[in-house]
Amino acid sequence: MNISELFGKKIVSTQGKVGYIVSVNGGAGRVECLLCADAEENEFTVDVKNIISLGEKIIYEDRESAIKSAQPLRLGRAVFDEKGIYIGDVEDYVFIKGKPLKAKIGKKNYPAEGLVCGDVVIVKNTKRLKSNVTKNGKIIIKKGTAVTPEILLKAQENGEYVQTNLKTL
């Protein structure tokens with residue numbers, strides 16, 4: 001693709017932000033970012049690493065909004081359950097491929113999707129399986145798995161929704 005084809009081209013983010021390309025900026029022998037403007041002529045930049053597709057319009061992942069809304073994951077913050085009972089302090093977070101998987105609080109690990117972080121950390125009451133969910137002798141969901149909406153959907157697809165709920169008691 002020629003650089004001249006990019007000027008004035010419509011650009012849309014995965015979050016719905018729409019604009020057009022004003023300039024193509026390069027450095028170190030490669031294109032680094034696109035300088036864009038929205039309908040009110042407010043300028044914004046798009047890192048070329050965030051471009052998902054090129055065509056009649058360019059679609060990009062809006063990392064700028066994600067970065068602005070990100071909150072610090074601070075260690076040592078007090079942790080409470082939904083009833084307000086103190087559980088301990090955040091000792092560490094475990095990440096896999098840039099996504100938080102779990103938080104170590106005291107001697108226990110809690111799934112990251114069950115945490116609400118702010119001045120303190122609130123642990124949502126998540127149920128865990130006390131035994132494996134099986135069907136025809138095959139393990140569908142392993143013991144210790146947090147029962148999330150995704151897990152319940154998997155259980156429902158396998159016809160084991162009731163078994164999954166019963167094994168959290």
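Remember, predicted model here, so these are calculated numbers, not experimental data.
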**Side-chain heavy atoms of Leu34 within contact of Ile11, under 4.5 Å** = yes

**Item:** Least distance between heavy atoms, Asn158 atom then Lys135 atom
**Value:** O-NZ, 2.7 Å

**Asked** Quick one: do Val46 and Val18 end up in the same hydrophobic cluster if we chain Ile, Leu, Val, Met, Phe, Trp and Tyr together by side-chain heavy atoms under 4.5 Å apart?
**Response** no

**Request:** Give the minimum heavy-atom separation between Val120 and Phe80, together with the two atoms involved.
**Result:** CG1-CE1, 4.0 Å

**Message:** Which heavy atom of Gln15 sits nearest to which heavy atom of Asp62, and what is that distance?
**Reply:** CG-CB, 3.6 Å

**Complete:** What one should report as the nearest heavy-atom pair of Pro111 and Arg128 is CD-NH2, 2.8 Å

**Asked** Side-chain contact, heavy-atom cut-off 4.5 Å: Ile105 with Asp89?
**Response** no

**Prompt:** Do Asn25 and Ser23 get their side chains close enough for a donor-acceptor pair, meaning under 3.5 Å?
**Reply:** yes

**Item:** Aromatic Phe44 / basic Lys17 pairing, under 6.0 angstrom, 45° off normal
**Value:** yes

**Request:** Could you please spell out the steps behind the side chain to side chain contact (heavy atoms under 4.5 Å, CB included) verdict for Ile141 and Thr164?
**Result:** CA-CA 8 Å; Ile141 306 168; Thr164 302; 4.1 Å; yes

**Request:** Search all heavy atoms of Thr14 against all heavy atoms of Glu61 and return the closest pair with its distance.
**Result:** OG1-CA, 3.7 Å

**Residues, nucleotides or ligands: over 12 heavy atoms within 6.0 Å of Asn42 CG** = yes

**Message:** Could you tell me if the side chain of Leu115 sits less than 4.5 Å from the side chain of Lys124, heavy atoms only?
**Reply:** no

**Request:** Taking the side chain as every heavy atom from C-beta outward, state whether Tyr93 and Leu75 have any atom pair closer than 4.5 Å.
**Result:** yes

**Request:** Treat each ILVMFWY residue as a node, draw an edge where side-chain heavy atoms are under 4.5 Å apart, and state whether Val94 and Val123 are in one component.
**Result:** no

**Request:** Specify the closest pair of heavy atoms between Thr134 and Glu160, including all atoms of both residues, with the distance to one decimal.
**Result:** O-CD, 4.1 Å

**Prompt:** Does Ile21 reach the side chain of Ile58, with side-chain heavy atoms less than 4.5 Å apart?
**Reply:** yes

**Asked** Do Ser131 and Lys167 have side-chain heavy atoms sitting under 4.5 Å apart?
**Response** yes

**Request:** Answer whether the closest heavy-atom distance between the side chains of Val147 and Leu129 falls below 4.5 Å.
**Result:** yes

**Item:** Within-4.5 Å side-chain heavy-atom neighbours: Val90 and Lys104
**Value:** no

**Message:** Main chain of Glu41, side chain of Asp38: is a donor-acceptor contact present, judged purely on distance under 3.5 Å?
**Reply:** yes

**Asked** Do the side chain of Arg77 and the main chain of Gly118 share a donor and acceptor less than 3.5 angstrom apart?
**Response** yes

**Request:** Applying side chain to side chain contact (heavy atoms under 4.5 Å, CB included), run through Glu32 and Val48 and close with a yes or a no.
**Result:** CA-CA 6 Å; Glu32 291 289 338; Val48 294; 5.7 Å; no

